[in-house]
**Q** 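A single structure is presented below for examination.
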Amino acid sequence: MGKNAKKALLSVILILSMLFTFSACATTNPNQSKSNNQTSQTTNTSDNSGKIKIGFSFDTLNLERWQHDRDYFVQRAKELGADVLVQSANSDSQTQYSQCQNLIAQGIKVLVIIPHDGSAIAPIVEEAHKAGVKVLAYDRLIMNADVDAYVSFDNEKVGELQAEAITKLVPKGNYFLLEGSPTDNNAKLFEQGQKKVLQPLVDKGDIKIVGEQWAQDWLTQNAYNIMQNALTANNNKIDAVVDANDSTALGAIRALQEQNLAGKVAISGQDADLANCQLIVEGKQSMTVYKPVKEEATKGADVAVALAKGEDINANGKVNNGKIDVPSVLLTPVAVDKNNMVDTIIKDGFHSLDEVYKNVPKDQWPKQ
Ligand code: GAL
């Protein structure tokens, strides 16, 4: 081959290898995003090595607690040798349904779902089973479907703890109930638990429920609007708020603050979000219900891998979802106020003392 021909061949090979290298770097997954408020965020930890692949469909990752669940679950799954594909539906039922179909198409063995709407998502269970995929309802139950397993907390107990704490502080007076999202089955269970405690006091005439509203998608802004309207409608004569979780309590406390009532009106929460733990030690929120998320997420990953392997999930109970008694693992929630914050949330390392007491003068910090 002549000298010139060799040169030409070499330059073609060089150009082709450069083109190939460039294109390999450019093929990233468009959904690959680290931020938590993407409409559909896919964190693909799968390295296609034939390991167990789990799909995890979140209603949303915009609320703090679900970011903890994701991180603990993925960490535990990796310890067990499984990969996790995470998607967030940004609180939209249709998005969640199509994301679950997409996860099934990616060859997962188990589909873990925190449903935006426990009834709307139900048909995906049959679709998953047809594809040989097991379904785990995580934290929130999927209704009227042959769900393989359910991992959560005793959610009626959550509501009981909230109402018990508030009625201890305010045994008589005007109560407002600020409930969670109407699409979330858990919100109904929290309310049922609350009412178990409140109803006898209503019957005795000790407390009067002056209003009850549900905050769509658990949004802080929606809770703020509800609380603002409730204070106006009742001429600020509200003595206590039984509030279903911390993201909504944040909005309610903002509305109370505007009327100089923050710290004067008892208010409950749930999830031990950092901002709310700070409000508790500052005296503006009465309590939260701490659900050791690390325990739930770790158990969730254990159950998902057991389902993938066809092993026993070690259920500790069954919960009826309108169709079947779903084999369940239910964990125990803990009532936390400023008196036991150190012995629970801080001792577990869920938040640090410095984080929680950030706005409290150092000389008022508890001895650890
Ligand atoms: C519920 C969950 C609560 C709270 C709420 C808002 O289903 O059990 O812990 O986080 O959703 O996300």
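These numbers were taken from a predicted model, which means no experiment stands behind them. Note that these values count all heavy atoms, side chains included, but never hydrogens, waters or copies made by symmetry. Atoms within each ligand, like the ligands themselves, are counted from 1 in listed order.
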**Q** Examine N155 against ligand 1 and note whether any of their N/O atoms are separated by less than 3.5 Å.
**A**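 No, N155 has no N/O under 3.5 Å of an N/O on ligand 1.
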**Q** Verify whether one side chain among W218 and N245 offers a donor that lies under 3.5 Å from an acceptor in the other.
**A**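 No - no donor-acceptor pair under 3.5 Å links their side chains.
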**Q** F190 heavy atoms, cut-off 4.0 Å: which ligand 1 atoms fall inside?
**A**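 It comes down to these atoms of ligand 1: 8 (O).
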**Q** For ligand 1, which atoms have a heavy atom of D271 less than 4.0 angstrom away?
**A**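 With D271 as reference, the close atoms of ligand 1 come out as 3 (C), 4 (C), 9 (O), 10 (O).
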**Q** Would you call D246-R65 a salt bridge at under 4.0 Å N-O?
**A**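 Salt bridge flag = no for R65 with D246.
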**Q** For a quick check under 3.5 Å, do S57 and Q99 share a side-chain donor-acceptor pair by atom type?
**A**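 The criterion, which ignores hydrogens and geometry beyond distance, is not satisfied for Q99 and S57.
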**Q** Any idea which atoms of ligand 1 are less than 4.0 Å away from a heavy-atom of D139?
**A**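 Going through ligand 1 atom by atom, the ones under 4.0 Å from D139 are 2 (C), 7 (O), 8 (O).
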**Q** Does I52 form a side-chain contact (heavy atoms from CB on, under 4.5 Å) with K309? I'd like the steps, not just the answer.
**A** CA-CA 9 Å; I52 291 173; K309 292 179 175 175; 3.9 Å; yes
**Q** Does the side chain of Q216 pick up a donor-acceptor pair with the side chain of N222 at under 3.5 Å?
**A**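 No pair is found: no donor N or O on one side chain lies under 3.5 Å from an acceptor on the other.
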**Q** I'd like to check which ligand 1 atoms, numbered from 1 as shown, lie under 4.0 Å from a non-hydrogen atom of K291.
**A**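 So the atoms of ligand 1 that pass are 2 (C), 3 (C), 8 (O), 9 (O).
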**Q** Indicate whether the side chain of N102 and that of Q106 have a donor and an acceptor atom separated by less than 3.5 Å.
**A**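 On atom types as modelled, these side chains qualify, holding a pair under 3.5 Å.
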**Q** Which of the numbered atoms in ligand 1 are below 4.0 angstrom from a heavy atom of L63?
**A**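 Within the 4.0 Å cut-off of L63, ligand 1 contributes 6 (C), 12 (O).
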**Q** Give the residue, atom name and distance (to 0.1 Å) of the protein heavy atom nearest atom 1 (C) of ligand 1.
**A**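 Nearest protein contact, heavy atoms only, for atom 1 (C) of ligand 1 is D184 OD2, 3.2 Å.
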**Q** Determine, using heavy atoms of W66 and all atoms of ligand 1, whether some pair is separated by less than 4.0 Å.
**A**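 Under 4.0 Å: yes for W66.
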**Q** For atom 11 (O) of ligand 1, grab the closest protein heavy atom and report residue, atom and distance to one decimal in Å.
**A**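 In this structure, atom 11 (O) of ligand 1 has R140 NH2, 2.9 Å as its nearest protein heavy atom.
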**Q** If you measure only the distance, is there a donor-acceptor pair under 3.5 Å linking the side chains of D348 and Y290?
**A**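 Yes, side-chain donor-acceptor contact under 3.5 Å.
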**Q** When you measure from atom 5 (C) of ligand 1 to every protein heavy atom, which one gives the shortest distance, and what is it?
**A**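 In this structure, atom 5 (C) of ligand 1 has W218 CE2, 3.4 Å as its nearest protein heavy atom.
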